[in-house]
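These notes are about the structure you will find just below.
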Amino acid sequence: SFLDEIIRKIGDNGGKVVLATPSGARPRWLAEKYPEVLRVTETGERKRYGGRHNHCYTSPAYREKVRIINTKLAERYGNHPAVLAWHLSNEYGGRCYCPLCEAEFKKFVAKRYHNNIEELNTQWWSTFWSHNYSSFDEVEFPSPIGEMSIHGLNLDFKRFVSYQTTDFMKSEIAAVRAVCPHIPITTNLMGTYE
(Lines give C-alpha, C1' and ligand atoms only; values in the text may rest on other atoms or scores of the structure.)
Protein backbone atom coordinates (compact mmCIF):
# COMPACT_ATOMS: atom_id res chain seq x y z
CA SER A 1 0.00 0.00 0.00
CA PHE A 2 2.89 2.39 0.61
CA LEU A 3 4.00 1.93 -3.02
CA ASP A 4 0.44 2.60 -4.16
CA GLU A 5 0.48 5.91 -2.33
CA ILE A 6 3.99 6.96 -3.40
CA ILE A 7 3.44 6.11 -7.07
CA ARG A 8 0.04 7.85 -7.03
CA LYS A 9 1.52 11.01 -5.48
CA ILE A 10 4.40 11.08 -7.96
CA GLY A 11 1.97 10.63 -10.85
CA ASP A 12 -0.43 13.27 -9.50
CA ASN A 13 2.46 15.74 -9.48
CA GLY A 14 3.54 14.95 -13.05
CA GLY A 15 6.44 12.73 -12.10
CA LYS A 16 7.47 9.36 -13.43
CA VAL A 17 8.75 6.24 -11.68
CA VAL A 18 11.42 3.73 -12.64
CA LEU A 19 10.31 0.76 -10.55
CA ALA A 20 12.94 -1.74 -9.41
CA THR A 21 12.50 -5.44 -8.84
CA PRO A 22 13.61 -6.51 -5.34
CA SER A 23 15.89 -9.42 -6.28
CA GLY A 24 19.06 -7.65 -5.11
CA ALA A 25 18.20 -8.28 -1.47
CA ARG A 26 16.06 -11.16 -0.31
CA PRO A 27 14.16 -11.18 3.01
CA ARG A 28 15.36 -13.20 6.00
CA TRP A 29 12.36 -15.56 5.88
CA LEU A 30 13.35 -16.67 2.38
CA ALA A 31 16.90 -17.51 3.46
CA GLU A 32 15.64 -19.39 6.50
CA LYS A 33 12.99 -21.38 4.65
CA TYR A 34 15.18 -22.08 1.59
CA PRO A 35 18.85 -22.12 2.70
CA GLU A 36 19.87 -23.09 -0.87
CA VAL A 37 19.24 -19.47 -1.91
CA LEU A 38 22.32 -18.37 0.06
CA ARG A 39 25.66 -18.40 -1.70
CA VAL A 40 28.49 -20.75 -0.92
CA THR A 41 32.06 -19.44 -0.71
CA GLU A 42 34.99 -20.78 -2.72
CA THR A 43 36.00 -22.83 0.33
CA GLY A 44 32.59 -24.50 0.55
CA GLU A 45 31.01 -22.54 3.39
CA ARG A 46 27.37 -21.50 3.02
CA LYS A 47 27.04 -17.82 3.81
CA ARG A 48 24.65 -16.68 6.48
CA TYR A 49 21.82 -14.27 5.91
CA GLY A 50 23.01 -10.70 5.52
CA GLY A 51 24.38 -8.37 2.94
CA ARG A 52 22.98 -7.63 -0.47
CA HIS A 53 23.44 -9.99 -3.39
CA ASN A 54 24.05 -12.98 -1.19
CA HIS A 55 21.92 -15.25 -3.34
CA CYS A 56 22.54 -18.08 -5.74
CA TYR A 57 21.54 -17.34 -9.33
CA THR A 58 21.13 -21.06 -9.99
CA SER A 59 18.77 -21.81 -7.07
CA PRO A 60 15.38 -22.96 -8.42
CA ALA A 61 13.71 -21.73 -5.23
CA TYR A 62 15.19 -18.24 -5.58
CA ARG A 63 14.35 -18.02 -9.27
CA GLU A 64 10.76 -19.07 -8.58
CA LYS A 65 10.25 -16.60 -5.72
CA VAL A 66 11.75 -13.77 -7.80
CA ARG A 67 9.48 -14.71 -10.72
CA ILE A 68 6.44 -14.59 -8.44
CA ILE A 69 7.21 -11.19 -6.91
CA ASN A 70 8.22 -9.65 -10.24
CA THR A 71 4.97 -10.90 -11.78
CA LYS A 72 2.91 -9.49 -8.89
CA LEU A 73 4.65 -6.11 -9.12
CA ALA A 74 4.15 -6.02 -12.88
CA GLU A 75 0.47 -6.93 -12.51
CA ARG A 76 -0.07 -4.24 -9.90
CA TYR A 77 1.94 -1.39 -11.43
CA GLY A 78 2.66 -2.32 -15.05
CA ASN A 79 -0.15 -0.21 -16.47
CA HIS A 80 0.12 2.67 -14.02
CA PRO A 81 0.59 5.88 -16.00
CA ALA A 82 3.37 7.05 -13.67
CA VAL A 83 5.52 3.93 -14.24
CA LEU A 84 7.97 4.87 -16.99
CA ALA A 85 10.31 1.86 -16.89
CA TRP A 86 11.47 -1.18 -14.92
CA HIS A 87 14.87 -1.50 -13.29
CA LEU A 88 15.97 -5.09 -12.71
CA SER A 89 17.59 -5.87 -9.39
CA ASN A 90 20.57 -3.60 -8.72
CA GLU A 91 24.23 -4.11 -9.51
CA TYR A 92 24.16 -7.76 -10.53
CA GLY A 93 27.34 -9.54 -9.51
CA GLY A 94 28.99 -12.09 -7.29
CA ARG A 95 29.79 -15.79 -7.40
CA CYS A 96 28.33 -18.88 -5.83
CA TYR A 97 30.19 -22.17 -5.39
CA CYS A 98 27.28 -24.35 -4.24
CA PRO A 99 26.57 -27.87 -5.51
CA LEU A 100 23.75 -26.55 -7.74
CA CYS A 101 26.16 -24.13 -9.44
CA GLU A 102 28.89 -26.75 -9.74
CA ALA A 103 26.49 -29.15 -11.46
CA GLU A 104 25.55 -26.38 -13.91
CA PHE A 105 29.23 -25.52 -14.41
CA LYS A 106 29.97 -29.13 -15.43
CA LYS A 107 27.15 -28.91 -18.00
CA PHE A 108 28.43 -25.53 -19.18
CA VAL A 109 31.96 -26.78 -19.90
CA ALA A 110 30.70 -30.05 -21.39
CA LYS A 111 28.60 -28.06 -23.86
CA ARG A 112 31.44 -25.60 -24.51
CA TYR A 113 33.80 -28.46 -25.41
CA HIS A 114 31.25 -30.46 -27.40
CA ASN A 115 31.06 -33.23 -24.75
CA ASN A 116 34.66 -34.08 -25.66
CA ILE A 117 36.89 -34.27 -22.59
CA GLU A 118 40.03 -34.38 -24.73
CA GLU A 119 39.04 -31.06 -26.30
CA LEU A 120 38.77 -29.60 -22.79
CA ASN A 121 42.20 -31.01 -21.85
CA THR A 122 43.71 -29.53 -25.01
CA GLN A 123 42.10 -26.11 -24.60
CA TRP A 124 42.91 -25.89 -20.89
CA TRP A 125 46.43 -27.25 -21.50
CA SER A 126 45.84 -29.40 -18.43
CA THR A 127 48.74 -31.75 -19.20
CA PHE A 128 51.18 -28.97 -18.31
CA TRP A 129 50.53 -29.59 -14.59
CA SER A 130 49.68 -33.30 -15.09
CA HIS A 131 46.07 -32.47 -14.29
CA ASN A 132 44.26 -34.17 -17.13
CA TYR A 133 40.55 -34.82 -16.79
CA SER A 134 39.08 -38.17 -17.76
CA SER A 135 35.44 -37.02 -17.57
CA PHE A 136 33.40 -33.86 -17.08
CA ASP A 137 32.33 -35.23 -13.69
CA GLU A 138 35.89 -34.50 -12.48
CA VAL A 139 35.64 -30.79 -13.28
CA GLU A 140 35.37 -28.67 -10.15
CA PHE A 141 35.35 -24.94 -9.55
CA PRO A 142 38.70 -23.21 -9.17
CA SER A 143 39.27 -23.02 -5.42
CA PRO A 144 42.05 -22.38 -2.91
CA ILE A 145 41.25 -25.83 -1.46
CA GLY A 146 41.52 -27.46 -4.89
CA GLU A 147 42.67 -26.55 -8.40
CA MET A 148 43.70 -22.96 -9.10
CA SER A 149 46.60 -23.25 -11.56
CA ILE A 150 44.75 -24.11 -14.79
CA HIS A 151 44.13 -20.83 -16.57
CA GLY A 152 41.44 -22.28 -18.86
CA LEU A 153 39.49 -23.47 -15.83
CA ASN A 154 39.69 -20.02 -14.23
CA LEU A 155 38.63 -18.31 -17.45
CA ASP A 156 35.74 -20.70 -18.11
CA PHE A 157 34.56 -20.25 -14.53
CA LYS A 158 34.39 -16.49 -15.12
CA ARG A 159 32.50 -17.15 -18.35
CA PHE A 160 30.11 -19.41 -16.45
CA VAL A 161 29.48 -16.77 -13.77
CA SER A 162 28.68 -14.24 -16.52
CA TYR A 163 26.40 -16.78 -18.20
CA GLN A 164 24.50 -17.58 -14.97
CA THR A 165 24.13 -13.89 -14.12
CA THR A 166 22.78 -13.12 -17.59
CA ASP A 167 20.47 -16.14 -17.52
CA PHE A 168 19.07 -14.99 -14.16
CA MET A 169 18.58 -11.51 -15.59
CA LYS A 170 16.72 -12.98 -18.58
CA SER A 171 14.38 -14.83 -16.21
CA GLU A 172 13.62 -11.52 -14.47
CA ILE A 173 12.96 -9.87 -17.83
CA ALA A 174 10.60 -12.69 -18.84
CA ALA A 175 8.47 -12.27 -15.70
CA VAL A 176 8.04 -8.53 -16.26
CA ARG A 177 7.62 -8.81 -20.06
CA ALA A 178 4.84 -11.40 -19.68
CA VAL A 179 2.71 -8.69 -18.07
CA CYS A 180 4.25 -5.46 -19.43
CA PRO A 181 5.49 -6.16 -22.96
CA HIS A 182 5.98 -2.52 -23.96
CA ILE A 183 7.56 -0.83 -20.92
CA PRO A 184 11.35 -0.31 -21.14
CA ILE A 185 13.53 -2.46 -18.90
CA THR A 186 17.01 -1.53 -17.71
CA THR A 187 19.53 -2.41 -15.03
CA ASN A 188 22.90 -1.23 -13.83
CA LEU A 189 26.18 -3.01 -13.37
CA MET A 190 29.19 -2.08 -11.27
CA GLY A 191 32.13 -1.18 -13.46
CA THR A 192 34.62 -2.68 -11.05
CA TYR A 193 32.88 -6.07 -10.77
CA GLU A 194 34.56 -8.90 -12.67
Side-chain angles (χ1 to χ4, degrees), residues 21 23-24 26 30-31 34-47 51-68 70 88-178 185-194:
T21 63
S23 64
R26 87 250 124 278
L30 185 61
Y34 304 97
E36 73 168 59
V37 306
L38 297 173
R39 287 184 180 163
V40 171
T41 68
E42 60 191 359
T43 57
E45 297 172 297
R46 186 160 306 271
K47 289 188 172 186
R52 292 175 54 249
H53 288 290
N54 174 17
H55 50 270
C56 172
Y57 290 132
T58 303
S59 164
Y62 195 65
R63 283 177 176 244
E64 177 62 11
K65 298 305 180 190
V66 168
R67 184 195 62 76
I68 290 169
N70 287 358
L88 300 178
S89 190
N90 187 43
E91 300 170 353
Y92 285 105
R95 299 172 174 150
C96 180
Y97 296 79
C98 76
L100 293 169
C101 288
E102 192 159 63
E104 289 302 310
F105 179 59
K106 290 174 193 287
K107 292 178 192 174
F108 177 84
V109 294
K111 182 178 179 184
R112 180 167 174 77
Y113 297 105
H114 311 101
N115 291 309
N116 182 335
I117 198 66
E118 288 311 314
E119 183 178 348
L120 176 138
N121 284 318
T122 299
Q123 294 298 317
W124 285 7
W125 203 30
S126 56
T127 56
F128 184 80
W129 295 112
S130 299
H131 293 173
N132 280 3
Y133 295 87
S134 59
S135 79
F136 287 100
D137 291 334
E138 294 177 358
V139 174
E140 297 175 332
F141 290 139
S143 168
I145 61 171
E147 181 62 69
M148 298 249 344
S149 61
I150 297 178
H151 299 304
L153 168 64
N154 292 311
L155 180 58
D156 276 341
F157 178 64
K158 289 180 179 186
R159 288 176 173 139
F160 168 75
V161 170
S162 294
Y163 171 82
Q164 282 302 87
T165 304
T166 304
D167 190 61
F168 183 83
M169 186 186 312
K170 287 178 181 177
S171 69
E172 285 211 70
I173 292 169
V176 172
R177 280 275 179 253
I185 296 175
T186 189
T187 193
N188 65 325
L189 302 170
M190 294 290 286
T192 58
Y193 282 18
E194 292 183 6

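Note that these values count all heavy atoms, side chains included, but never hydrogens, waters or copies made by symmetry.
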Contact check, side chains of Cys96 and Gln164, non-hydrogen atoms, under 4.5 Å: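 No - every pair of side-chain heavy atoms lies 4.5 Å or more apart.
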Asp167 side chain reached by Arg63 side chain, heavy atoms, under 4.5 Å: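 Yes. Closest side-chain heavy atoms under 4.5 Å.
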Any donor-acceptor pair under 3.5 Å from [X] side chain to [Y] backbone:
X      : Y      : result
Asn154 : Ser149 : no
Arg67  : Ala174 : no
Lys106 : Val139 : yes
Asn90  : Asn188 : no
Arg46  : Leu38  : yes

Quick one: do the [X] and [Y] side chains pair a donor with an acceptor below 3.5 Å?
X      : Y      : result
Glu91  : Ser89  : no
Thr21  : Glu172 : yes
Trp124 : Tyr113 : yes
Ser126 : Asn132 : yes
Glu64  : Tyr34  : no

Derivation of the side chain to side chain contact (heavy atoms under 4.5 Å, CB included) call for Arg26 and Val66: CA-CA 9 Å; Arg26 87 250 124 278; Val66 168; over 6 Å; no
Inter- and intrachain pairs under salt bridge (charged side-chain N to carboxylate O under 4.0 Å, His left out), touching residues 129-142, at least two apart: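 Checked against salt bridge (charged side-chain N to carboxylate O under 4.0 Å, His left out) - neighbours excluded - no pair reaches residues 129-142.
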Pairs satisfying salt bridge (charged side-chain N to carboxylate O under 4.0 Å, His left out), at least one member in residues 109-121, at least two apart: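 Qualifying pairs, neighbours excluded: Arg112-Asp156.
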Heavy-atom pair with the smallest gap, counting every atom of Tyr57 and His53: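 The answer is OH-ND1, 4.0 Å.
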Nearest non-hydrogen partners of Cys56 and Glu36, listed with the distance: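 For Cys56 versus Glu36, the nearest heavy atoms are CB-O, 3.8 Å.
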Residues which pass ring-ring contact (aromatic ring centres under 6.0 Å, His included) with Phe160, listed by chain and number, not counting sequence neighbours: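 Per chain and number, Phe160 pairs via ring-ring contact (aromatic ring centres under 6.0 Å, His included) with Phe105, Phe108.
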Plane angle bin for Phe141 and Tyr97 - parallel if under 30°, tilted between 30 and 60°, otherwise perpendicular: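 Because their plane-to-plane angle is over 60°, the rings of Tyr97 and Phe141 count as perpendicular.
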From CA spacing to verdict: side chain to side chain contact (heavy atoms under 4.5 Å, CB included), Ser23, Tyr62: CA-CA 9 Å; Ser23 64; Tyr62 195 65; 4.0 Å; yes
